Amino acid sequence: MTTAQEVAPQPEKQKRNLKGLWILLAFAALITIVLLPNPADLPVVGQRALAILAFAVILWVTEAVPYPVSAAMILGLAAVLLGLAPNMENPEELLGTKNALRMALAGFSSPAVALVAAALFLATAMQTTNLHKRLALFILSKVGVKTGAIIFGSIVVSIVLAFFVPSATARAGAVVPILLGMVAAFGLPTNSRLGALLVITAVQSVSIWNVGIKTGAAQNMVALGFIEKEFGVSVAWSSWFLYAAPWSILMSIALFFIMKLVIKPETQVVEGGKELIEGQLKELGKIKASELRLIVVAVALLFLWATEEKLHPFDTTTVTIVAIAILLTPKIGVFDWKTVQQMIPWGTIVVFAVGISMGTLLLDTTGAQWLSDKVFGAMGLDTMPLLATIALLSLFNILIHLGFASATSLSSALIPIFIALATTISLDVNQVGFVLIQQFVISFGFLLPVSAPQNMLAYGTGAFSVKDFLKTGVPLTIIGYLLILLLSATYWQWIGLL
């Protein structure tokens with residue numbers, strides 16, 4: 001959940017002198033769109049919502065200001081610009097700043113925001129008890145010391161942690177230091193071939209399983225929040241797993257072979273690696289009572305997630321909030337409020353809520369529908385077959401992601417537009433499934449270190465270069481894209497997703 005600018009100071013230096021320019025450019029884009037002649041088929045509030053979107057995208061892509069600061073700016077602009085625009089229902093009157101602010105704050109009441117907040121608490125519980133580290137060390141201690149086995153173990157650790165740690169950055173943060181410790185135990189520098197191999201494997205696997213698990217990444221909650229609001233459909237944890245896990249399993253297999261082929265380590269056996277891991281396990285000591293309590297809660301939570309809408313009527317958000325309440329309860333919990341205050345990135349929750357609000361504004365003011373018609377209508381998507389439409393949209397999605405360091409922001413910007421497209425496209429298609437597939441593609445963070453916060457966390461260690469990351473990211477992206485098309489033509493149609 002950490003932003004890229006917090007993790008990688010080196011690229012930040014190159015951007016610092018341009019921050020003022022990017023802010024000016026964002027305001028210039030905002031003012032220009034506001035002053036453009038209003039199209040007959042677009043309400044004034046819709047035009048101004050699009051102007052705020054342009055402003056937000058420039059700030060998000062350039063990271064000219066921290067994400068929480070951009071969130072505050074977006075809220076203020078929405079309240080003022082939409083408040084001074086004609087009311088859609090009664091153009092003779094202004095919408096009013098109070099009504100506009102109510103619209104701008106809608107994201108804060110979304111269940112998706114509550115789930116993200118609860119996920120941050122759960123990740124903090126794992127970090128406080130070091131349970132995620134113990135789990136990672138235990139798995140790596142069982143796979144052996146050959147590099148192929150350690151690659152396999154790194155992927156398995158990422159998969160297992162994805163079920164219990166709903167934060168990509170926290171998962172990467174648990175595994176990367178352990179792997180670098182193994183590299184050091186062999187007497188190699190951090191930026192050795194072995195270091196690059198193991199660290200890149202870990203973070204690419206984290207990105208892969210952001211797709212496979214509903215609770216694995218915040219951007220999934222963004223998409224589901226919009227889907228539930230617009231279509232009135234909730235996607236159960238088990239349904240998401242049924243849809244996305246096969247893609248992630250196939251991608252994990254591809255990752256194993258790509259890493260073995262692309263980056264050749266200095267050694268095929270990490271001598272001393274097993275002793276290092278066993279030593280770190282000994283340092284953790286015997287499993288503590290707090291860890292046992294967290295294991296019980298985490299397993300129960302996973303069971304309730306997996307059986308949502310099948311064995312009980314409780315949704316994912318509700319059971320997660322109840323679990324957090326238990327973990328905070330004195331005597332039976334694992335941490336206290338003072339610990340939470342220090343470790344939770346509260347700005348992430350604000351950014352997430354404002355991202356939901358931004359997308360909701362676009363949909364409610366018909367700005368998203370208008371933009372979808374103009375952009376995708378010009379591409380001729382309304383005359384294309386379904387598979388060709390998915391192919392073109394997915395490619396567009398991958399290319400747009402090159403400019404975004406936050407998949408959450410990308411979801412906030414694009415999912416409302418994809419929802420609008422799904423409701424207007426002339427194809428016989430499951431609208432929810434159509435949007436979900438594009439959400440899977442939004443989680444592609446394979447190409448560059450700046451494509452995802454977990455990548456930047458790993459890049460900040462100095463273990464690999466951008467060139468190393470690209471060598472693995474290009475084949476992963478191509479295979480991931482082709483698998484999206486293959487599953488769209490087969491499996492996802494067979495199970496009714498499309």
Side-chain angles (χ1 to χ4, degrees), residues 1-11 116 119-120 122-128 130-140 150-183 190-191 194-213 215-220 248 251-252 255-256 259 263 277 280 343-345 348 405-408 443-466 468-469 472-473 476:
M1 301 280 186
T2 313
T3 62
Q5 65 194 87
E6 292 173 322
V7 184
Q10 200 167 5
V116 167
L120 290 173
L122 191 57
T124 299
M126 290 283 179
Q127 291 170 303
T128 302
N130 267 329
L131 180 60
H132 63 334
K133 185 178 179 181
R134 187 186 294 277
L135 188 58
L137 286 167
F138 176 78
I139 294 171
L140 288 172
I150 297 171
I151 292 170
F152 174 76
S154 301
I155 294 171
V156 171
V157 167
S158 296
I159 295 172
V160 173
L161 289 181
F163 285 92
F164 300 102
V165 184
S167 165
T169 310
R171 297 199 299 275
V175 182
V176 168
I178 297 170
L179 297 176
L180 289 178
M182 296 177 73
V183 174
T190 297
N191 62 351
L194 181 63
L197 173 68
L198 298 183
V199 172
I200 292 175
T201 299
V203 293
Q204 296 287 33
S205 183
V206 167
S207 293
I208 286 170
W209 283 91
N210 280 350
V211 176
I213 306 290
T215 49
Q219 60 265 23
N220 298 344
S248 291
M251 283 293 289
S252 296
L255 174 64
F256 177 80
M259 296 310 300
I263 299 180
I277 289 174
Q280 290 191 20
M343 296 184 68
I344 292 285
T348 298
S406 166
T408 302
S443 288
F444 280 28
F446 310 125
L447 281 173
L448 295 169
V450 295
S451 297
Q454 63 269 18
N455 298 352
M456 291 302 288
L457 182 147
Y459 182 57
T461 65
F464 58 87
S465 65
V466 174
D468 290 328
F469 205 82
T472 64
L476 275 175

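As the structure is a computational prediction, the values presented were derived from the model and not from experiment.
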Which heavy-atom pair separates [X] from [Y] by the least distance, and what is that distance?
{"X": "Val175", "Y": "Ala202", "answer": "CG1-CB, 4.0 Å"}
{"X": "Gln204", "Y": "Gly445", "answer": "OE1-O, 4.1 Å"}
{"X": "Asn455", "Y": "Ser207", "answer": "OD1-OG, 4.0 Å"}
{"X": "Ile178", "Y": "Leu140", "answer": "CG2-CD1, 3.6 Å"}
{"X": "Val203", "Y": "Phe469", "answer": "CG2-CE1, 3.9 Å"}
{"X": "Ala162", "Y": "Trp209", "answer": "CB-CB, 4.0 Å"}

Interatomic spacing from [atom1] in [X] to [atom2] in [Y] - rounded to 0.5 Å:
{"X": "Leu179", "Y": "Ile200", "atom1": "CG", "atom2": "CD1", "answer": "12.0 Å"}
{"X": "Thr472", "Y": "Met259", "atom1": "OG1", "atom2": "CE", "answer": "5.0 Å"}
{"X": "Ile139", "Y": "Leu161", "atom1": "CD1", "atom2": "CG", "answer": "6.5 Å"}
{"X": "Ile208", "Y": "Phe446", "atom1": "CD1", "atom2": "CZ", "answer": "5.0 Å"}
{"X": "Thr348", "Y": "Leu120", "atom1": "OG1", "atom2": "CG", "answer": "6.0 Å"}
{"X": "Ile150", "Y": "Leu198", "atom1": "CD1", "atom2": "CG", "answer": "6.0 Å"}

**OP:** Could you go through the side chain to side chain contact (heavy atoms under 4.5 Å, CB included) check for Gln127 and His132 one step at a time?
**Re:** CA-CA 7 Å; Gln127 291 170 303; His132 63 334; 3.6 Å; yes

Original post:
Just by distance, do the side chain of Thr190 and the backbone of Ala463 share a donor-acceptor pair under 3.5 Å?
Top reply: no

Original post:
Ignoring hydrogens and geometry, is there a side-chain-to-backbone donor-acceptor pair from Arg171 to Gly216 under 3.5 Å?
Top reply: yes

**OP:** Check the side chains of Ser465 and Asp468 for a donor-acceptor pair under 3.5 angstrom, ignoring hydrogens and angles.
**Re:** yes

Subject >> Evaluation steps, side chain to side chain contact (heavy atoms under 4.5 Å, CB included), between Gln454 and Asn210 >> reply: CA-CA 11 Å; Gln454 63 269 18; Asn210 280 350; 3.4 Å; yes

**OP:** Let me know which of Ser154, Ser248, Ser205 forms a side-chain contact (heavy atoms from CB on, under 4.5 Å) with Leu255.
**Re:** Ser205

Subject >> Set of side chain to side chain donor-acceptor pair (under 3.5 Å) partners for Thr215, sequence neighbours left out >> reply: Trp237

Subject >> Over 12 non-hydrogen atoms of neighbours within 6.0 angstrom of CZ in Phe164 >> reply: yes

**OP:** Report the C-alpha separation of Tyr459 and Val466 in whole Å, then their side-chain angles, then the decisive distance to 0.1 Å, and conclude whether the side chain to side chain contact (heavy atoms under 4.5 Å, CB included) test is met.
**Re:** CA-CA 8 Å; Tyr459 182 57; Val466 174; 3.7 Å; yes

